[in-house]
Amino acid sequence: MASAATMVSSAGGLLAMLNESHPVLKLHALSNLNAFVDYFWPEISTSVPIIESLYEDEEFDQRQLAALLVSKVFYYLGELNDSLSYALGAGPLFDVSEDSDYVHTLLSKAIDEYASLKTKAAGSNDEAAMVDPRLEAIVERMLDKCIADGRYQQAIGTAIECRRLDKLEEAITRSDNIHATLSYCINVSHSFVNLREYRREVLCLLVKVYQKLPSPDYLSICQCLMFLDEAEGVSSILEKLLRSENKEDALLALQIAFDLVENEHQAFLLKVRDRLSDPKLQTSEPVQSASAEPDSVQNGNASASEDIQMTDGTQASNGTVPNADPKEAIYAERLAKIKGILSGETSIQLTLQFLYSHNKSDLLILKTIKQSVEMRNSVCHSATIYANAIMHAGTTVDTFLRENLDWLSRATNWAKFSATAGLGVIHKGHLRQGRSLMTPYLPQGGAGGGGSPYSEGGALYALGLIHANHGEGIKQFLRDSLRSTNVEVIQHGACLGLGLAALGTADEDVYDDIKNVLYMDSAVAGEAAGISMGLLMVGTASEKAGEMLAYAHETQHEKIIRGLALGIALTVYGREEEADTLIEQMTRDQDPILRYGGMYALALAYSGTANNKAIRQLLHFAVSDVSDDVRRTAVLALGFVLYSEPEQTPRIVSLLSESYNPHVRYGAALAVGISCAGTGLSEAISLLEPLTSDVVDFVRQGALIAMAMVMVQISEASDSRVGAFRRQLEKIILDKHEDTMSKMGAILASGILDAGGRNVTIMLLSKTKHDKITAVVGLAVFSQFWYWYPLIYFISLSFSPTAFIGLNYDLKVPRFEFLSHAKPSLFEYPKPTTTPSTTSAVKLPTAVLSTSARFKARASKKEAEHKANSEKSSAPESSSVGTNPGKGKSSSDKDGDSMHVDGPVEKKAEQEPSFEILTNPARVVPAQEKFIKFLEESRYIPVKLAPSGFVLLKDLRPTEPEVLSLTDTPSSTASTTGGSAAGQQGPASAMAVDEEPQPPQPFEYTA
């Protein structure tokens, strides 16, 4: 073609031919012009009207060729709309398989056009009228070509975008690996389908395709059904698997139940559980009471696995009813297990045992904080109590509180409320003993009370934290406590506790109880009531939000308006475009507190969607609203919208993090902390670093907290900045001249870095990439601590244990080994701190003359050389032991540090192994998951390949005896933490603090 073009120097002759009357000449001109259009389009463009007239001439039989030529000329002129409309006129001559820029550009234009028309048509329900059939034909040709060429992913993407579910189904069923294609589809629908309703249609189709397969992937089907909120479908699949004679099917059912529990959708799980009981079976009735009635479990004292074993036992005995069928007995036994899992008890109990047995928290860090905090500074005193609770979340270890009772008892008023509530975080998930643990501080009913209302309110809040998202057993008690008091502090605690325990259940009776408290119009109780209503109605998009909004306009109390603003936002969690009208109403409100709620509504409605429209709206408010609170929250809210794509956040907020407005900088820090939590993302750390030394104290506070969230469970070996950050925290805490705000941030950050005994991370997405509802809600309420410190404890809802816990058919944890194919140092626990030599650092240095310093340095150098020579002959260990504790070695801090560094370096010379063997159950941090391998000769193989979480194991040698781990329960061995075996006096004695302390001597406070 190029040589032809060189022969022809101008298109003039061919253009002249177009005016000839003979059709053959016109055809000759058109086909040659079409061949040379890439070179001569500027010349041809002058004659476009003539070519257009040929296309419009009904008599001319080569109209389509004329249309194609015009289309190409318009393409070169940059008029893509005109180009596309003539390409449609060209019919089959527009060849979708041609590999040219022209075709690629027009195809993508055609697909965009078609997709937007289909979307509009779906909105107006007037489908046929809207779309040009010629356009449809081009898109169909393109899809068919993709499928025929085996480019299934491209076909799937295009079909989803163009809302052609028929073609989507064809692409999936014709692909060579249907299972892989289906999981690709699920990912695409979650990541790229912006409209919730349409995403549901796609998932419905996928479920249909899944179920037609000869070997359906029930794990994926149930995840889709959960998203579609079809409890019926899930329970029928579980029923089918449980009734199967194949033991592996039963294992799969148990695995599905654990996977569903991981998404923390309490209301849905309870629906599935309640549908599972079959009234036709006499045999299964006792099982239901064994597992569905939480109270019977509440009073038990066996471990979860023992408890389930026990139900199996009772079942077997029930199964021996004279005319009972042995198959029904097996089914009943399996049913008991699966109900225990769905109610959350099994996983909570196993997590509790894991966190207790693997607890590696470092009490020395807390001791250092406690010693350096001035007693009069109640903010830092409380922050230390918060840090302790977060550090020991879920471990049931309250040693620090026990050892410092007199120090703890200095907390008064709300600080006392928080101190008591902190027990709820430490004993989170202790469903069996939760109530008895808290008995000493709970309101004592008819006995005239006598306790401090602050510790009583705190204890009710603690019960909510212990039973968060699993409140069946405690809900009634909290309701009674709420009804039987008029003290606003106790109401405050009871409301928060109820909201947590009944999270997302939308229980009408509970709602009415809380509403009654709200309508009393007490600022303190009303704030908690507003938040609590939101927690109860999370994600239901209930019309109750209208009621709440109306009351927010009526009341005069800022606290109540703020509680309601957050509560309303929680009701639209995950509802995406469905929430737009409410968001519009809130963001246009004149009251800045309600606009502030509007930011949370945007954050939660579009949480984890990375939706462009929501991001645009938030950025708009971040730079334009008149209220600092609204601007701060708008930036912070970006963190919630973007946590499914954490690497985007630092880029989007980088300019905001340099804003002149400190509130916007604070928001940017927390946005990064929320969306990049637990990722250790390098860009996130780089963005936060300068903010940790910002000129404004509260910005430093936010940056320190956010940095701890990003770095949780990242080891120093994988990023050296982690060590630097720990030292920075210590420096801020020990610095007498540091502002209270940033000191508080540093103390909280120390707690978050080592959260849950260093065995948990902050996770907002489950392994199947669904939102973890409780975690997102927890962080949303936590971020409100700006106004109300006790809400800091909500961060514990976002903690996920980083554990691999393999379970056998009896839901026991067998001991076996597997491999982590990475250097152990990359994922090890942080080294325990040694007694700091800071005590000497605090004293002011004596003035030393430079000459005498030089003389001393020479002398000490000689002495050191002499010592080194003499030690070479002795064993190498002794020298390292001598330098380790750092006691008496405070001649200079630097010297001490260098000793710490030297020790490990010498050891490293041995060459670190490139793998390590882990024993079930093991700590497996998220970054480590890709290195986990199962040994080939292992006795157990997992039902599904999962590197962490609860994994059911197939036993290949069932006749051999098993060795079990995790047999101890925290309650029975609580004696190691200084309590008694009953587990009841334990924490009670731990916090005898709540016997009201004596009032302090009168004094005058001077700043």
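A quick note: this is a predicted structure, and the numbers were derived from the prediction, not measured. One-based numbering along the sequence shown.
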Closest non-hydrogen atom pair, S244 against R334:
O-NH1, 2.8 Å
Just wondering, do S800 and E262 contact through their side chains at under 4.5 Å, heavy atoms?
no
Applying the ring-ring contact (aromatic ring centres under 6.0 Å, His included) test to Y940, which of F934, Y809, F816, F818 qualifies?
F816
Gap separating the CD1 atom of I237 from the CD1 atom of I221, nearest 0.5 angstrom:
5.0 Å
I'd like to know if the side chain of R815 and the backbone of V963 have a donor-acceptor N/O pair within less than 3.5 Å.
no
How close do L964 and P814 get, counting heavy atoms only, and between which atoms?
CD2-CA, 3.9 Å
Please step through side-chain contact (heavy atoms from CB on, under 4.5 Å) for the pair M438 and I466, ending with a clear verdict.
CA-CA 10 Å; M438 299 311 299; I466 290 174; 4.1 Å; yes
Taking the side chain as C-beta and beyond, is there a heavy-atom pair between S715 and S825 under 4.5 Å?
no
So does E245 have more than 12 non-hydrogen atoms from other groups sitting under 6.0 Å from CD?
no
Should F400 and M391 count as side-chain neighbours, where that means a heavy-atom distance under 4.5 Å?
no
Determine, step by step, whether L797 and N469 satisfy the side-chain contact (heavy atoms from CB on, under 4.5 Å) criterion, reporting the C-alpha distance in whole Å, the side-chain angles of both residues, the deciding distance to 0.1 Å, and the verdict.
CA-CA 9 Å; L797 301 191; N469 208 0; over 6 Å; no
Could you check D754 against R726 for salt bridge (charged side-chain N to carboxylate O under 4.0 Å, His left out), going step by step and ending with a plain yes or no?
CA-CA 11 Å; D754 293 333; R726 282 182 183 275; 2.8 Å; yes
Which value, rounded to the nearest 0.5 Å, describes the distance between L366 atom CG and E403 atom CD?
10.5 Å
Counting only heavy atoms not in K767, do more than 12 fall under 6.0 Å of its NZ?
yes
Tell me the closest heavy-atom pair linking P942 and V951, and the distance in Å.
CB-CG1, 3.5 Å
Would D217 and K944 pass as an ion pair if we require N to O under 4.0 Å?
no
Going from CD1 on I341 to CG on L269, what distance comes out if it is rounded to the nearest 0.5 angstrom?
11.0 Å
Has E817 got a side-chain atom pairing as donor or acceptor with I917's backbone, closer than 3.5 angstrom?
no
Looking at N388, is its backbone amide N or carbonyl O close enough to the side chain of H392 to form a donor-acceptor pair, meaning the two atoms are under 3.5 Å apart?
yes
Closer than 3.5 angstrom, by distance alone: can the side chain of T346 be matched with the main-chain N or O of K337 as a donor-acceptor pair?
no
Do T761 and Q713 meet the criterion of a side-chain donor-acceptor pair at a distance under 3.5 Å?
no
Who pairs with F258 by ring-ring contact (aromatic ring centres under 6.0 Å, His included), at least two apart in sequence or on another chain?
F950
So how far is it from L423 CG to L465 CG, rounded to the nearest 0.5 Å?
10.5 Å
Please say which of L811, L241, L807 ends up in a side chain to side chain contact (heavy atoms under 4.5 Å, CB included) with L254.
L811
Nearest heavy-atom neighbours spanning E916 and P824
OE2-CA, 3.5 Å
Main-chain N/O of S343 paired to H470 side chain as donor or acceptor, under 3.5 Å
yes
Do the side-chain N and O atoms of Q349 and R432 include a donor-acceptor pair separated by under 3.5 angstrom?
yes
Between T439 and R435, is there a donor-acceptor pair closer than 3.5 Å when you use the side chain of the first and the backbone of the second?
yes
Electrostatic pair K812:E962 at N-O distance under 4.0 angstrom:
no
Checking the side chain of R923 only, and the main-chain atoms of R758 only, is there a donor and an acceptor separated by less than 3.5 Å?
yes
Is there side-chain contact between E248 and V943, with at least one heavy-atom pair below 4.5 Å?
no
With no hydrogens and no angle check, is any side-chain donor or acceptor of S798 less than 3.5 Å from a backbone partner on G778?
no
L352 and G394: which non-hydrogen atoms are nearest, and at how many Å?
CD1-O, 3.5 Å
side-chain contact (heavy atoms from CB on, under 4.5 Å) assessment of L918 paired with F804
CA-CA 10 Å; L918 303 174; F804 174 93; over 6 Å; no
For V760, which of I390, T802, T395, L355 qualifies under side chain to side chain contact (heavy atoms under 4.5 Å, CB included)?
L355
For L779 and I795: C-alpha separation, side-chain torsions, deciding distance, then whether side-chain contact (heavy atoms from CB on, under 4.5 Å) applies.
CA-CA 5 Å; L779 274 192; I795 195 173; 3.9 Å; yes
Close side-chain approach of V813 and Q353, heavy atoms under 4.5 Å:
no
What are the two closest heavy atoms between V261 and S347, and how far apart are they?
CG1-OG, 3.6 Å
Residue pair S235 / L276, side-chain heavy-atom distance below 4.5 Å:
yes
NE2 (H427) and OG1 (T396) are apart, to the nearest 0.5 Å, by 6.0 Å
Donor-acceptor pair, side chain of S718 and main chain of I714, under 3.5 angstrom:
no
Any non-hydrogen side-chain atom of I932 less than 4.5 Å from a side-chain atom of L819?
no
Backbone of H358 reached by a side-chain donor or acceptor of N759 within 3.5 Å
yes
Roughly how far, to the nearest 0.5 Å, is CG of L431 from CD1 of I348?
4.5 Å
May I ask you to check if K428 and Y793 form a cation-pi contact, with NZ or CZ under 6.0 angstrom from the six-membered ring centre and within 45° of the axis?
no
Any side-chain donor near an acceptor of the partner, S361 and N359, under 3.5 Å
yes
If you draw a 6.0 Å radius around NZ in K271, do more than 12 non-hydrogen atoms from other residues or ligands fall strictly inside?
yes
Are the side chains of F794 and L500 in touch, meaning some heavy atoms are under 4.5 Å apart?
yes
Give a yes or no on this: more than 12 heavy atoms of other residues, nucleotides or ligands lie within 6.0 Å of atom NZ of K933.
yes
